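What follows is a set of notes on a single structure, which appears directly below.
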Amino acid sequence: MAYRITLIPGDGTGPELVTAARRVLEATGVAFEWDVQEAGADVMAKVGTPLPDQVLASIRANKVALKGPITTPIGTGFRSVNVGLRLALDLYANLRLARAMRGIPVCHDGVDLVVVRENTECLYAGIEHDVIPNVAAESIRIITRQASERIVRFAFDYARANGRRKVTAVHKANILKATDGLYLRVAQEVAAHYPDIEFNDRIVDNMAMQLVQRPYEYDILVCPNLFGDILSDLCSGLVGGLGVAPGANFGHDIAVFEPVHGSAPKYTGLNKVNPIATILSGVLMLRHLGERQAADRVQAAVEAVIAEGRSVTYDLKPARDDPTAVGTRQMADAIITAMQ
Ligand code: NAD
């Protein structure tokens, strides 16, 4: 039986990346029936909303989606489709992985970090308004016990299920005493139920510095929404950049897999950007579906192609203008060949 999966190509470089990932996933021999759904700016122009109801209905029915990045207008325009989708489906946990791979030049060897980002509240609740237009504006940061508790539980459950040793709660409770004070108290309460997993906490600014200097002291970081968004990009930078960082969003019984990076619009249609983040998001999807062998095969092929260093995109070459860099399609071809 084929797995029926909602496939959202997204926009910008999304469609090329999703096509590359789809080809690699199909090359595993696992059967997929792709339910292709469009969302984003082009859809807005056609049907008046960037996130049509049928996209949500498809994900609700299929329970699993693979998604490309979607552009959000900056400083004006419609609300983020990515945030809208996570809120509409209550995809409360955003899992973002940053794992070093042989062949990628980095500052620290062996980095293996997991960022668990709360996905439904904090400044992303979207409660903001002009107090006086062009003079003052206000944004409200929401932190609740319920959302804090379930995200910290998710981090500890993930630690147990994946043999990880430590969870660090990241916060700014020295300044945000009400909101992050609550978040930190709840994290400490939840941690007490997991005596087998080490727990500590860090103030976010110190966390950023320590990740750059001593990333190997950390394992899983559990963060309110905005800090998780920022630190997960920082962690990607430690292992080679956004081109290699996969992610997933989990709700009660729905999972949407997508890279950490955005739509990288300046590279649209150039067959240039790195498909690894999207392909590894597909690997997370295979594991979620219970297709362990297929997931291991893709992972091994990705690692082999990167370690060899020949058929890789510009971002994984020692110099960004290296003329031997290959395109998105060619890197996917090399991974498919390495799987055979
Ligand atoms: P971005 O992640 O799209 O790109 C930032 C830079 O990272 C790029 O210029 C490029 O140098 C590098 N990069 C990103 N993806 C890469 C890849 N696959 N291979 C190689 N290099 C890669 O971030 P941005 O420019 O801040 O955002 C662009 C748009 O994407 C915005 O509209 C933003 O809102 C949106 N966005 C969407 C998502 C999502 O769909 N989940 C996530 C983040 C940003």
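Atoms considered below: every heavy atom in the structure, side chains included; atoms not considered: hydrogens, waters and symmetry mates. Whatever order the structure lists ligands and atoms in, that order sets their numbers, starting from 1. The first residue of the sequence shown is numbered 1, and numbering continues consecutively from there. Note that the structure is a prediction, hence the values are computed from the model and not measured.
- Ring to ring, Y314 and Y267 are close: their centroids are under 6.0 angstrom apart.
- A cation-pi contact, defined as under 6.0 Å to the ring centre and within 45° of the axis, links R117 to Y124.
- The aromatic rings of H288 and F257 are tilted relative to each other, their planes meeting at an angle between 30° and 60°.
- Using a 3.5 Å distance cut-off with no hydrogens or angles, the side chains of E198 and N200 do not pair a donor with an acceptor.
- Side chain to side chain, Y194 and D157 meet the donor-acceptor criterion of an N or O pair below 3.5 Å.
- Protein residues with a heavy atom closer than 4.0 Å to ligand 1 are K67, P69, I70, T71, T72, N82, R86, L242, G243, E258, V260, H261, G262, S263, A264, P265, K266, Y267, V273, N274, Y314, D315, listed by chain and number.
- For M339, the side chain to side chain contact (heavy atoms under 4.5 Å, CB included) partners two or more places apart in sequence, or in a different chain, are V24, A27, T28, R297, V298, A301, I335.
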